[in-house]
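Values below: every heavy atom of this structure, side chains too, minus hydrogens, waters and symmetry copies. A, B, ... follow the sequence lines: proteins, then strands. Residue 1 opens every chain.
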Protein chains: 2
Amino acid sequence: MTNVTNIRDHIANSGLKVTPQRIAVYKALLDIKDHPTAEMVKQHISRDNPSVSLGTVYKTLEKFEEKNLIAKVRTEDDVMRYDPILDKHHHLFCQKTEQIGDYYDEELNQLLNEYFQTKNIPNFKIEDIKLHIIGEFIDK
Amino acid sequence: MTNVTNIRDHIANSGLKVTPQRIAVYKALLDIKDHPTAEMVKQHISRDNPSVSLGTVYKTLEKFEEKNLIAKVRTEDDVMRYDPILDKHHHLFCQKTEQIGDYYDEELNQLLNEYFQTKNIPNFKIEDIKLHIIGEFIDK
DNA sequence: TTTGGTGCAAACTCTTTGCAGGGTC
DNA sequence: GACCCTGCAAAGAGTTTGCACCAAA
C-alpha cells in the first residue's frame with residue numbers, strides 16, 4: 001500500500017482529486033509512522049516537493065480525515081497528530097520522547113467488550129473505547 | 001472539601017500563597033464539575049470577582065497543575081480542560097455535548113493490571129493506563 | 001519587608017480562511 | 001470547461017509572557 005499507484009486509487013476512491021500534494025502527504029504519513037504533526041509532514045515532503053505550503057498540508061489532512069482516510073490523534077501537548085491507520089488500535093504514549101506507538105490487541109478489545117457487557121455505565125452508551133497507555137519505550 | 005477553609009489549607013499546603021483569585025479558581029473547578037475550560041472558569045468566577053483576568057486564570061491553573069492540585073484533560077477538540085480530581089479514574093466523552101464525565105472502576109483497573117502483567121508489550125514500560133470511553137450520555 | 005501574585009496587553013503557536021491563479025478530470 | 005485544489009498571507013483561537021503594580025506571609 002506504500003506504492004504510489006495504490007495511493008492514487010485510495011485517494012480517488014474517496015472522491016477526492018488526485019494531486020501530487022495529496023500523494024505526497026499520504027505517503028509521508030505512511031513513511032514517518034510516528035503519527036506526525038502537520039509540520040513534520042511538511043518537513044518530510046519538502047525534500048521532494050519544496051513548494052508545498054503548510055496551509056495545503058493542513059487542508060489535505062483535513063480532507064483526508066473527512067473522507068476517513070486517516071484519523072486525528074490528540075496528545076498531551078498542544079499539537080494535532082495524524083494517523084493513517086484506521087483499524088481499531090490503541091496508543092502508546094512515551095513520556096520522554098513524545099513518540100506515539102500503535103498497539104493492537106484483539107484479545108484486549110474482546111476482554112473489554114465482555115467486561116462492559118455485564119458491567120454497564122449508568123446513563124452512558126458506549127460507542128468506542130480507546131486506551132491511552134502511558135509510559136516509555138525501552139531500548140531492549 | 002468545598003468549603004473555603006479547606007480550600008485555603010489545600011492551597012497553602014502546596015506551598016502557594018493563598019489569594020482570593022486562587023480560592024475562586026479552585027472553587028470553580030469543584031462547582032462546575034464538568035471539567036471546565038479556562039474560559040468557563042473565568043465566566044463562573046466573574047459573577048463574584050468580575051475583575052479577575054483570563055491571564056490570571058491560566059497562570060493559576062498552571063500553578064495548580066505544577067503543584068499537583070489538579071490535572072489537565074485533553075479532549076478531541078482544541079481546548080484544555082481541567083480536573084480537580086486526582087484519584088485514578090477514566091473519562092467518559094460525550095460525542096454530542098462535549099461533556100466529560102468521570103468514571104471510577106477499581107475492578108476494571110485491577111483487570112487491566114492483571115492483563116498486562118501476563119501480556120506484556122515489547123519495548124514498552126507501562127506507567128499508567130487511561131481509558132477514553134467515547135459515546136453519549138442518555139437521559140434515563 | 002520580602003516574595004510572589006495580579007492585571008493588562010502584546011506576543012506566540014497552531015490552525016483555519018479568503019482569494020486569485022492553476023491543475024485535474 | 002467546470003470544478004476543485006493550491007499557495008500565500010492574513011486572521012483566528014487558545015494560551016503564554018513581560019512588566020509594573022500590589023498583596024500575602
Treating Ile, Leu, Val, Met, Phe, Trp and Tyr as nodes and any side-chain heavy-atom pair under 4.5 angstrom as an edge, say whether Leu111(A) and Ile126(B) lie in one connected cluster.
yes

If only side-chain N and O atoms of Tyr58(B) are considered, is one of them under 4.0 Å from the OP1 or OP2 phosphate oxygen of dT16(D)?
no

Ignoring hydrogens and geometry, is there a side-chain-to-backbone donor-acceptor pair from Asp34(A) to Ile100(A) under 3.5 Å?
yes

Considering heavy-atom distances to DNA chain D, does Leu54(B) or Ala12(B) have its closest nucleotide positioned more toward the 5' end?
Leu54(B)

Salt bridge (Lys or Arg N to Asp or Glu O under 4.0 Å) against Lys119(B), all qualifying residues, sequence neighbours excluded:
Asp105(A), Glu107(A)

Rounded to the nearest angstrom, tell me the gap between atom CE in Met80(B) and atom P in dT15(C).
13 Å

If you compare every side-chain N and O of Ser51(A) against the phosphate oxygens of dG7(D) (OP1, OP2), does one of them come in below 4.0 Å?
yes

Give me the ring orientation class for His35(B) and His89(B): parallel if the planes are under 30° apart, tilted from 30 to 60°, perpendicular past 60°.
tilted

So does Val18(B) get a backbone contact from the side chain of Arg8(B), meaning a donor-acceptor N/O pair under 3.5 Å?
no

Salt bridge (Lys or Arg N to Asp or Glu O under 4.0 Å): pairs with one or both residues in residues 125-135 of chain B, sequence neighbours excluded
Lys88(B)-Asp128(B), Lys125(B)-Glu127(B), Asp128(B)-Lys130(B)

Take the protein atom CD of Gln43(A) and the nucleotide atom P of dC14(C), then report the distance between them rounded to whole Å.
12 Å

Compare the minimum distances between each of dC25(C), dG18(D), dT15(D) and the side chain of Lys59(B), then state the nucleotide with the smallest one.
dG18(D)

Could you label the plane-to-plane angle of the Phe116(B) and Tyr103(A) rings as parallel, tilted or perpendicular, counting under 30° as parallel and over 60° as perpendicular?
tilted

For the side chain of Lys42(B) and the base of dG7(C), is some donor closer than 3.5 Å to an acceptor across the two?
no

Mind calculating the distance between CG (Leu61(A)) and P (dT6(D)) to the nearest angstrom?
11 Å

Check the distance between dT15(D)'s C1' and Met40(B)'s CE and give it to me in whole angstrom.
17 Å

Between dC14(C) atom P and Glu98(A) atom CD, what is the distance in whole Å?
12 Å

Rounded to whole angstroms, how far apart are CD1 on Ile23(A) and C1' on dC25(C)?
14 Å

Go nucleotide by nucleotide along DNA chain D from the 5' end; which of Ser53(A) and Pro20(B) gets its closest nucleotide reached first?
Ser53(A)

Restricting both atoms to N or O, compile the protein contacts to nucleotides 2-5 of chain D shorter than 3.5 Å, with distance only.
unit_1	atom_1	unit_2	atom_2	d
dC3(D)	O2	Lys17(A)	NZ	3.1
dC4(D)	O4'	Lys17(A)	NZ	3.1
dC5(D)	OP1	Arg22(A)	NH1	2.7
dC5(D)	OP1	Arg22(A)	NH2	3.0
dC5(D)	O5'	Arg22(A)	NH2	3.4

Pick base, sugar-phosphate or nothing for Glu62(A), based on heavy-atom distances below 4.0 Å to the nucleic acid.
sugar-phosphate

Expressed as a whole number of angstroms, how long is the span from Glu39(A):CD to dT13(C):P?
11 Å

For atom CZ of Phe64(A) and atom C1' of dT6(D), their distance in whole Å:
14 Å

